[in-house]
Amino acid sequence: MLQQTTVAAVIPRFEKWMRRFPTVRVLAAAGETEVLKHWQGLGYYRRARDLHRTASIIVTKYAGRFPRDPVTLRSLPGFGQYTAAALQAFAWDRPVTVIDANIARVLARIENLKAPIDKAPGRKALEEIAEKLAPGGGRGGRIHTSALMDLGATICTARAPSCPRCPVRQFCKATNPASLPRKAARSAATPIEETRAWVMRGGRIGLVPSPGPRWRGLWVFPMAPAITEKPPLHVETHTVTRFRIRMALVKAGSPPPGTRFFSPDDLPPMPSPHARAASAVLRKIPTASIMPRAR
Ligand code: SF4
């Protein structure tokens, strides 16, 4: 949940998630629609689908216990190098190298690494630094990784590192810590305009299944021909990878094929931009245009 999402946003969602899905067995037994609904608002829905698929694999193939072999771990849905390493460090105390944003910053500063860390040579250099600092003796990954994460979160912070009170300052080679780590310059986001249809029938909102893959299993507003004469009901802007998407929601009379209608009180799982747009329009339009509710 914490990938690409702030701790403050995650805490209540994590607690709610754990109340509903306290074990891998409970998660594996749940339907995908309910899993996606519990993820709504966190974005990057692939993470929820991967968690769900991994839970099913753990239950059906590994009798409910996570495999400890790193290669097998990496074969599970959603398990890249970072997740596999984090599980090994925190769950089993293995002295593996875990590199998240906080740790990358600390490591780059300790060795005064000038290469951009989002390019292959810089990434490799970062991994070499991490390996050099990893604890020996076959264990200790849990406290080592926690210490590096906490150092990055509380003292070696991005904008104003507190070097005078840093416990590792005697080893640190950074000459201008605030300038590190370096990253390659990003190209500007490509703007995209899209028009989607707001269509209602009997007080219900028309949605279509997302063709995926990013939003597979979620429901979205149907695409509509661009309408320029009237102002849209709502405009929602969001970013997907390198695209800046401006979605204009316009009132439409007839639903496109495949549209299903849902009560505003019981909408299916929707990606965040579409869910936000639905809430915004429902707040704006007069109640009379929603009523009577279909029964
Ligand atoms: S001395 Fe400063 S730059 Fe170096 S690790 Fe500590 S806080 Fe970061």
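On a predicted model such as this, the values are computed, not experimentally measured, just so you know.
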Any chance you could measure [X], atom [atom1], to [Y], atom [atom2], to the nearest 0.5 Å?
{"X": "S279", "Y": "H234", "atom1": "OG", "atom2": "NE2", "result": "9.0 Å"}
{"X": "N176", "Y": "R109", "atom1": "CG", "atom2": "CZ", "result": "9.0 Å"}
{"X": "L133", "Y": "E111", "atom1": "CG", "atom2": "CD", "result": "7.0 Å"}
{"X": "M223", "Y": "E194", "atom1": "CE", "atom2": "CD", "result": "5.0 Å"}
{"X": "C156", "Y": "L180", "atom1": "SG", "atom2": "CG", "result": "9.0 Å"}
{"X": "K114", "Y": "S179", "atom1": "NZ", "atom2": "OG", "result": "7.0 Å"}

Exercise. Passes side-chain contact (heavy atoms from CB on, under 4.5 Å), I99 versus R123? Steps please.
Worked result: CA-CA 10 Å; I99 304 179; R123 187 79 201 164; 4.0 Å; yes
Do [Y] and [X] meet the salt-bridge criterion of a basic N to acidic O distance under 4.0 Å?
{"X": "E15", "Y": "R19", "answer": "no"}
{"X": "D118", "Y": "K183", "answer": "no"}
{"X": "K132", "Y": "E128", "answer": "no"}
{"X": "D50", "Y": "R53", "answer": "yes"}

Find out whether [X] and [Y] are in side-chain contact, i.e. whether some heavy atom of one side chain is under 4.5 Å from a heavy atom of the other.
{"X": "Y82", "Y": "D100", "value": "yes"}
{"X": "Q88", "Y": "L73", "value": "yes"}
{"X": "P161", "Y": "I155", "value": "no"}
{"X": "F261", "Y": "P255", "value": "yes"}
{"X": "E32", "Y": "R216", "value": "yes"}
{"X": "T33", "Y": "P268", "value": "no"}
{"X": "R246", "Y": "V235", "value": "yes"}
{"X": "H274", "Y": "W219", "value": "no"}

Work out which heavy atom in [X] is nearest to a heavy atom in [Y]; give both atom names and the distance.
{"X": "G64", "Y": "V24", "value": "O-CG2, 4.0 Å"}
{"X": "C163", "Y": "P177", "value": "SG-CG, 3.9 Å"}
{"X": "A252", "Y": "A197", "value": "CB-CB, 3.7 Å"}
{"X": "G206", "Y": "P222", "value": "O-CD, 3.7 Å"}
{"X": "P135", "Y": "G141", "value": "CG-N, 4.2 Å"}
{"X": "A130", "Y": "L107", "value": "CB-CD1, 3.7 Å"}

Other members of the hydrophobic cluster containing V10, with the 4.5 Å side-chain heavy-atom rule, please.
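Noted: V10 shares its cluster with M1, L2, V7, I11, F14, W17, M18, F21, V26, L27, V35, L36, W39, L42, Y45, L51, V208, W215, L218, V220.
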I'd like to know if the side chain of [X] reaches the main chain of [Y], judged simply by a donor and an acceptor atom lying under 3.5 Å from each other, with no hydrogens or angles considered.
{"X": "T54", "Y": "P77", "answer": "yes"}
{"X": "R196", "Y": "F221", "answer": "yes"}
{"X": "T6", "Y": "A9", "answer": "yes"}
{"X": "H52", "Y": "A30", "answer": "yes"}
{"X": "R47", "Y": "Y44", "answer": "yes"}
{"X": "D93", "Y": "R139", "answer": "no"}
{"X": "R242", "Y": "A188", "answer": "no"}
{"X": "T60", "Y": "S56", "answer": "yes"}

Should [X] and [Y] be regarded as members of a common hydrophobic cluster, given that ILVMFWY residues are connected when their side-chain heavy atoms come within less than 4.5 Å of each other, either directly or indirectly?
{"X": "F90", "Y": "F79", "value": "no"}
{"X": "M247", "Y": "M270", "value": "no"}
{"X": "L151", "Y": "I117", "value": "yes"}
{"X": "F66", "Y": "V96", "value": "no"}
{"X": "L113", "Y": "F171", "value": "yes"}

Taken in chain and number order and not counting sequence neighbours, the residues that satisfy side chain to side chain donor-acceptor pair (under 3.5 Å) with T72 are D69
Step by step, work out the side-chain contact (heavy atoms from CB on, under 4.5 Å) result for F262 and L207.
CA-CA 8 Å; F262 297 88; L207 300 171; 3.8 Å; yes
By the definition side-chain contact (heavy atoms from CB on, under 4.5 Å), identify the one residue from L267, V199, T259 that meets it with I205.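 Per the side-chain contact (heavy atoms from CB on, under 4.5 Å) rule, the option paired with I205 is L267, out of L267, V199, T259.
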ask   = K251 and M200: side-chain contact (heavy atoms from CB on, under 4.5 Å), yes or no, with the steps?
value = CA-CA 9 Å; K251 213 166 182 172; M200 296 195 82; over 6 Å; no
Taking everything shown except R244 itself, do over 12 heavy atoms lie less than 6.0 Å from its CZ? yes
Neighbour count above 12 (heavy atom, 6.0 Å) for R46 CZ:
no
**Report entry** Polar side chain donor-acceptor pair, H38 to Q40, under 3.5 angstrom
**Finding:**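 The answer is no; no qualifying pair exists.
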